[in-house]
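We name chains A, B, ... by the order of the sequence lines, and we start the count at 1 in each one.
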Amino acid sequence: MNKEERFVTAITPKSEDFSRWYTEIIRRAELADYAPMKGMMVIRPYGYAIWENIQRLLDNRIKETGHTNAYFPLFIPESLLQKETEHLEGFSPEVAWVTHGGEEELEERLAVRPTSEAIIGNMYSKWIKSWRDLPVLINQWANIVRWEKVTRPFLRTTEFLWQEGHTAHETSEEAEKETLMILDLYKEFVETELAIPVISGRKTARERFAGALETYAIEALMSDGKALQMGTSHNLGQHFSKVFNIRFEDRDQKLQYVWQTSWGVSTRLVGSVIMSHGDDSGLKFPPRIAPVQIVIIPISLGNWKQEVLPTAQALEQGLKKEGWRVKLDAREEFSPGWKFSEYEMRGIPLRIEIGPRDIKNNQAVVVRRDTMAKESISLDSLQAKIPQILSDIQDSMLAKARKFQAENTSEVDNYQDFKSVLESKRGFLKTFWCGNQDCEDKIKEETMATIRVVPLEQEEKGKCVLCQADAGQWVFFARAY
RNA sequence: CGGGGCGUGGCGCAGUCUGGUCAGCGCACAGCGUUCGGGACGCUGGGGUCAUGGGUUCGAAUCCCAUCGCCCCGACCA
């Protein structure tokens, strides 16, 4: 963006210092603020509104596919967590423990949930007795605590919000089908609502969820060329049902262990929206999740309170009636120019300016945040045109992000090219991998790149990018957050 | 947990090397007035025990020791 075009000067340009831009914009736009405890943040109203929109839109999808919401306890007794050793080992470095109730030391320590498989498994063993009880399809919206060493607002905080689905099924096939159905649901959700294209596939053994049979994930490319895991869906097999003794009598009157899945997305998604779409001027929200979709700014010139304001207010009411999230900013203490910059920084998709000149011409000036394009539209047809404009913004944001992903996905067939791409533009590296963890480990050690996913569609085989062994499968590597 | 950087009104910083009108600037905030089609301006005003705790000194934001916290880059993770 040219200097002349850049009206927002309150933040470090994204193109200059990505990390700094990210943390500055979060605070300037009042999405979140640092709490007085290490690694913890306060999600402020403007940031929480995005999470609420994500919740609402995803919750609808979760319910449409037959799931219901419930709520399980925040604390998990140590003995429960210990039942699945692989699971415990996966999480133990980051579990926060409650050791005292008031002044008294507890008989048994309580973990603040780092995830809820254990407590839910415990309950499912009580609830599930017969094949007629299955499937159990429960989701919960909850907070989670993981004592991470390095934190960043939204991307990795000590406490975060998420949804976690936990299902139990009669057969292995049914559990696998659920796992993949959710993976697709996540992909569709993120692309449709957040306008962020993702790649999806299976995780390798080293990246797998502790205690899972298979982990599937969706991954997106952020505009600094690093990958971000956006959501995971785990096929837990019978690991947890055997440990927590979740058995049912099947249709042939035999006792069987249930087949389980779990899956989740978190407030990290808010971070992904900031990073994927933002630019030097600040945030850029896709209309479908924007806390405010349209801001109306009356131009305070001359006798504007009589001549301009009533029209602006009527427009606000009309748009609200249509269900749009609209804000009219008629404050006198800020100039129109200040407001333009402010709402650009805050990422509001559409701005409508109305001044005396517009009233004279029976029009309004409409400015898109995504392209900054200005257009004068007749007041008579404005309201009717809004749905098309906003849907166009949503579409073109996704298209732009897709183009970026395509331009930053490199197909390589040898380790030299692999390394040189990582040194220059990063992004996704599509290549073949032999399936041997030694190769995966060595590549990570030398390049910091990990296998983000193994795509589910595998039409051809090729030589491993590192050891050149035959019959490798397609994988996507990237440096990740 | 390693390597680096930094803690001075709400935010961004200067001052620290060389101890002594250094408690200062910009933005933000409050009041009044003029402004307002791309972050307006003038005047007036409020706000900081210089991260914390020790020490050195006649005297410490400044020097020494310790502690805490934050940021960035790595190792680990949603």
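- Separation of the P atoms belonging to rC50(B) and rG24(B) is 14 Å when rounded to the nearest angstrom.
- Of the P atoms belonging to rG12(B) and rA51(B), the separation is 14 Å, rounded to the nearest Å.
- If you check distances only, the side chain of Ser335(A) never reaches the base of rC36(B) with a donor-acceptor pair under 3.5 Å.
- Heavy atoms of Phe91(A) sit nowhere under 4.0 angstrom from any nucleic acid atom.
- Set against rC72(B), rG39(B), rC36(B), the side chain of Arg152(A) has rC72(B) as its closest nucleotide.
- Among the protein residues, Leu228(A) comes within range of no part of the nucleic acid, since none of its heavy atoms lies under 4.0 Å from any strand.
- Across rC36(B), rG38(B), rC77(B), the shortest atom-to-atom separation from the side chain of Ser341(A) is found for rG38(B).
- Regarding contacts with the backbone of rC73(B), a side-chain N or O of Ser19(A) is found under 4.0 angstrom from either OP1 or OP2.
- Atom pair Arg20(A):CZ and rC11(B):P shows a separation of 14 Å (rounding to whole Å applied).
- Distance, Arg369(A) CZ to rG38(B) C1': 14 Å, rounded to whole Å.
- Residue-level contact check: Thr157(A) touches the bases, meaning some heavy atom is under 4.0 Å from a base atom.
- Ring geometry for His87(A) versus Phe91(A): interplanar angle over 60°, hence perpendicular rather than tilted (30 to 60°).
- When the nearest nucleotides of RNA chain B are assigned to Lys339(A) and Lys226(A) by heavy-atom distance, the more 5′-ward of the two goes with Lys339(A).
- The side chain of Met448(A) approaches rA75(B) more closely than any other nucleotide in the set rG38(B), rC36(B), rA75(B).
- Taking the side chain as every heavy atom from C-beta outward, Trp141(A) and Asn69(A) approach each other to under 4.5 Å.
- Taking atom C1' in both rC29(B) and rG46(B), the straight-line distance is 9 Å, to the nearest Å.
- Shown here, rU34(B) forms a base pair with rA40(B); the pair counts as Watson-Crick or G-U wobble because both key distances fall under 3.5 Å.
- Taking only side-chain atoms of Ile299(A), from C-beta outward, the nucleotide of rG74(B), rG39(B), rG37(B) with the closest atom is rG37(B).
- Taking atom P in both rC27(B) and rG69(B), one finds a spacing of 35 Å when rounded to whole Å.
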- Query: Checking side-chain hydrogen bond (donor to acceptor under 3.5 Å, both in side chains) for the pair His234(A)/Thr215(A): CA distance, chi angles, key distance, verdict?
  - Reply: CA-CA 4 Å; His234(A) 314 290; Thr215(A) 288; 2.8 Å; yes

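- Nearest to the side-chain atoms of Arg146(A) among the listed nucleotides rA75(B), rG38(B), rC77(B) stands rC77(B).
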- CA sep, side-chain torsions, deciding dist, call: His67(A), Glu178(A), side-chain hydrogen bond (donor to acceptor under 3.5 Å, both in side chains): CA-CA 11 Å; His67(A) 306 82; Glu178(A) 166 83 4; 2.7 Å; yes

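- Looking at every heavy atom in both residues, Val198(A) comes nearest to Met230(A) through CG1-CG, 4.2 Å.
- For the pair Ile354(A) CD1 and rG37(B) P, the interatomic distance rounds to 16 Å; values are reported in whole Å.
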- Message: If you apply the rule side-chain hydrogen bond (donor to acceptor under 3.5 Å, both in side chains), what do you find for Glu344(A) with Ser281(A), and how did you get there?
- Response: CA-CA 7 Å; Glu344(A) 267 158 33; Ser281(A) 295; 4.8 Å; no

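- Partner assigned to rU56(B) is none, using Watson-Crick or G-U wobble distances below 3.5 angstrom.
- Side-chain N/O atoms of Arg351(A) and base N/O atoms of rG38(B) include a donor-acceptor pair closer than 3.5 Å.
- To the nearest whole angstrom, the two C1' atoms, one in rU67(B) and one in rG74(B), are 25 Å apart.
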- Query: Trp162(A) and Asn143(A): side-chain hydrogen bond (donor to acceptor under 3.5 Å, both in side chains), yes or no, with the steps?
  - Reply: CA-CA 6 Å; Trp162(A) 79 353; Asn143(A) 58 338; over 6 Å; no

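- Between the CH2 atom of Trp21(A) and the C1' atom of rC72(B) there is a distance of 17 Å, given to the nearest Å.
- Atoms CZ (Phe334(A)) and C1' (rA28(B)) sit 9 Å apart, rounded to a whole Å.
- The nearest whole Å value for the distance from the CD atom in Glu89(A) to the P atom in rC77(B) is 13 Å.
- A distance of about 23 Å separates the P atoms of rU57(B) and rA23(B), rounded to the whole Å.
- In this structure, Glu353(A) reaches the bases: a heavy-atom distance under 4.0 Å links it to at least one base atom across the strands shown.
- Counting any heavy atom pair closer than 4.0 Å across all strands shown, Pro356(A) reaches a base atom.
- Spacing between rC70(B) and rG26(B) at atom C1', rounded to whole Å, works out to 23 Å.
- Both Trp162(A) and Glu342(A) lie close to RNA chain B; mapped to their nearest nucleotides by heavy-atom distance, the more 5′-ward contact belongs to Glu342(A).
- Nucleotide rG12(B) forms a pair with rC25(B), judged by Watson-Crick or G-U wobble geometry with both contacts under 3.5 Å.
- Look at Lys374(A) and you won't find any side-chain N or O under 4.0 angstrom from OP1 or OP2 of rG38(B).
- Atom CG in Leu301(A) sits roughly 6 Å away from atom P in rC36(B) (whole-Å rounding).
- Remark: the separation of the P atoms in rC63(B) and rG7(B) is 12 Å, to the nearest Å.
- Side-chain nitrogen and oxygen atoms of Arg156(A) include none within less than 4.0 Å of the OP1 or OP2 phosphate oxygen of rC76(B).
- Gln163(A) is listed as a side-chain neighbour of Trp263(A), based on a closest heavy-atom distance under 4.5 Å.
- The residue Val365(A) sits close to a base: some heavy atom pair falls under 4.0 Å.
- Asn303(A) places its CG atom 14 Å from the C1' atom of rC36(B), with the value rounded to the nearest Å.
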